[in-house]
Amino acid sequence: IPECAPKGPAIVYISKMVPSVGGRFKAFGRVLSGTIAKNTRIDIYGANYKFGGKEDYFPNKPVQRVEIGVGPYFLGVDSCPAGNTIMVGGVDAYLLKSGTLVAVGNPECYPIRNMKFSVTPVVRKAIRVKNPAKKPQLTQALQKLVRTDPLCQVETNEAGQVTIAGAGELHIEILIKRLRDIAKIEIIEDKPVVSFRETVTDEMEEPILTKSPNKHNRVYMVAAPLDEGIVDLILNNKLAPTVDSKTKAESLRPFGFDLAATRKIWAYGPDDNGPNMLVDQTRGVSYLSEIKDSIVSGLQWSTKGGALCEEPMHGISYAITDAKLHADAIHRGAGQLLPTARRAFLGSQLSAGPGLLEPIFEVTITSPPEGLKGIWSVISARRGTVLNQKETPGSPIIEVTCNMPAAASFGFDADMRAATGGEAFSSLSFSHWEGVPGSVYAESSLTAKLVAEVRKRKGLKEAMPEAVDFIDKL
């Protein structure tokens, strides 16, 4: 691959799927090594394939078609050497969004790692069909839409409501327009909403206790804020299960972890690579290894939807400090420990100063000097914070950089044009997560209002949950 050798084994990284005729897809990617030719046989590694495993692995499949780009068109060719971007036909049945194609007979080849994006799908919009009889057409169109956009996410709740998530208001508009073009049916949109994250702000002095339904098992748990440096390591796969313990310990040493403490880290969640961590702080607990899977499953379940408003958790460090388990294995199975673990995670979250994080956009605005007054008024009205203001050398244009909550960004471009007479231009990109001011339990605070809005939108109980709803007494 470093030599981009056209005579080496063929390796192609597929980055996205492009709609084709007849409901099929072509795979767009780059040839990293060798030469890819039609009618040759390849091994296909999907996005979830891990070296040596069988999941998402499809051996000895044919390449039906190879195309190269010529201006806005793609033309069929017999073969294409390394260094070129191509379209590959016939692999769409095996790949969802991305993957790796490798010439047959190269089992030592690792899959190319999936691309990481600097943006996060934080803006959501619920959609529905005007004619309920055409809902199957919407479902098929959504499946195609998800494959064509790496950032698009589609969720369906228990009530059947379909929600599309994208990087911003404009991205959502583009996705829905593309969806209408694919489905060719009338689609009704709701107002866009923002995704939040649940977190904690305090460290607990004493662990909380939860008991299993049969009262024979007890789990003790504490929660605390997780250092943002550790969150970055998790999200950048520096602490993945494939990384050896010594390397992890070196990465975590600045945060007070030695090799022994690193080996006590049980899991990250949600989805095994999320920004929350579970640590074992127990001493001499019998049968603990037998319930580890149930506790970890409870972490994955809980961190996908927290206690406040069932939004994903972010930046929480959980520690199991003790456990009292029944000697008979039949009384400490997953049916007993999984709900117990989930209540322990949610109860400790609410006992450690629960808070809400909102997505923050970095906004770059360019304008002549006469538009500055309008820019400042729009920014201040939307809870924005100006970071920098500078002149562009050799021109009268001024560039303003600011942070703005994603929840306040809807309609921003229209307001900016109206306030500056169309002279200002802006671009928004996801920057970071930031705590919403105020206490969850202070009714007049912004945090409480946002939590109440999300709970109402999701059909949850209006009353805010409390720690006593989840924990047990000794």
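Computed from heavy atoms alone, side chains included, the values below leave out hydrogens, waters and symmetry copies.
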Indicate the atoms forming the closest heavy-atom contact of [X] with [Y], along with that distance.
X	Y	answer
L308	V451	O-CG1, 3.8 Å
T148	R178	OG1-NH1, 3.9 Å
I360	E434	CG1-CB, 3.5 Å
S377	S380	O-OG, 3.0 Å
L151	A167	CD1-CB, 4.3 Å
V18	F28	CG2-CB, 4.1 Å

Under a 4.0 Å threshold between the charged nitrogen and the carboxylate oxygen, would [Y] count as salt-bridged to [X]?
X	Y	value
R455	E310	no
K211	D472	no
K177	D181	yes
E250	K238	no

Does [X] [atom1] have over 12 foreign heavy atoms under 6.0 Å away?
X	atom1	answer
W376	CH2	no
F51	CZ	yes
E203	CD	no
R253	CZ	yes
E290	CD	yes
I188	CD1	yes

Quick check: does any side chain N or O of [X] sit under 3.5 Å from a backbone N or O of [Y], one acting as donor and the other as acceptor?
X	Y	result
N237	A240	no
S445	S439	yes
T247	V243	no
S302	L299	no
Y110	R113	no
T199	L356	no
E169	G411	yes
R218	L325	no
T447	V436	yes
N214	H331	yes

Within a strict 4.5 Å, meaning less than it, do heavy atoms of the [X] and [Y] side chains meet?
X	Y	answer
W433	P275	no
K324	Y220	yes
M17	D92	yes
I365	I398	no
N403	V363	no

ask   = Can you list the steps and then say if S367 with I375 is a side-chain contact (heavy atoms from CB on, under 4.5 Å)?
value = CA-CA 9 Å; S367 169; I375 291 173; 3.4 Å; yes
Regarding [X] and [Y], is there a side-chain donor-to-acceptor distance under 3.5 Å anywhere?
X	Y	result
R124	S195	yes
D149	H171	yes
D271	Q300	no
D322	T282	no
T401	N388	no
E198	Q349	yes
N276	S317	no

Pair D328-H216, side chain to side chain donor-acceptor pair (under 3.5 Å): steps then yes or no = CA-CA 10 Å; D328 192 345; H216 292 318; over 6 Å; no
Please round to the nearest 0.5 Å and tell me the distance separating atom [atom1] of [X] and atom [atom2] of [Y].
X	Y	atom1	atom2	value
L346	I208	CG	CD1	9.0 Å
S15	I112	OG	CD1	12.0 Å
S245	R263	OG	CZ	5.0 Å
S351	E205	OG	CD	11.5 Å
T100	Y13	OG1	OH	7.0 Å
K292	I320	NZ	CD1	11.0 Å

task = Using the side chain to side chain donor-acceptor pair (under 3.5 Å) rule, pick out the option among K304, R197, K458 that qualifies with E311.
result =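 Answer to the side chain to side chain donor-acceptor pair (under 3.5 Å) test with E311 among K304, R197, K458: K458.
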Criterion side chain to side chain donor-acceptor pair (under 3.5 Å) against D190, the qualifying member of R128, K125, R457 =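 Checked R128, K125, R457 against D190; only one passes side chain to side chain donor-acceptor pair (under 3.5 Å): R128.
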request  = Begin from the C-alpha positions of F470 and T210 and carry the test side-chain contact (heavy atoms from CB on, under 4.5 Å) through to its verdict.
outcome  = CA-CA 7 Å; F470 298 97; T210 56; 5.6 Å; no
query = Think R332 forms a cation-pi with Y287, using NZ or CZ under 6.0 Å from the six-ring centre and within 45 degrees of its axis?
reply =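 Yes - R332 lies over the ring of Y287, closer than 6.0 Å to its centre and within 45° of its axis.
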ask   = Mind checking whether F361 and F430 have ring centres under 6.0 Å apart?
value =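 Aromatic pair excluded; centres sit 6.0 Å or further apart.
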message = Does L233 form a side-chain contact (heavy atoms from CB on, under 4.5 Å) with F255? I'd like the steps, not just the answer.
response = CA-CA 11 Å; L233 290 174; F255 307 102; 3.8 Å; yes
query = Does the side chain to side chain donor-acceptor pair (under 3.5 Å) test come out yes or no for N217 and T340, once each step is laid out?
reply = CA-CA 9 Å; N217 306 282; T340 306; over 6 Å; no
task = Take R343 and D469 through the test salt bridge (charged side-chain N to carboxylate O under 4.0 Å, His left out) and record every step on the way to the result.
result = CA-CA 9 Å; R343 287 192 295 111; D469 299 331; over 6 Å; no
query = Name the one of V386, T366, T364 that satisfies side chain to side chain contact (heavy atoms under 4.5 Å, CB included) with V400?
reply =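 Answer to the side chain to side chain contact (heavy atoms under 4.5 Å, CB included) test with V400 among V386, T366, T364: V386.
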message = Tell me whether the rings of Y318 and F345 are parallel (<30°), tilted (30 to 60°) or perpendicular (>60°).
response =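 Geometry flag for F345 against Y318: perpendicular rings.
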message = For a side-chain contact (heavy atoms from CB on, under 4.5 Å) check, start with the C-alpha distance between C309 and F196, then their side-chain angles and the critical distance, and finish with the verdict.
response = CA-CA 9 Å; C309 50; F196 294 95; 5.6 Å; no
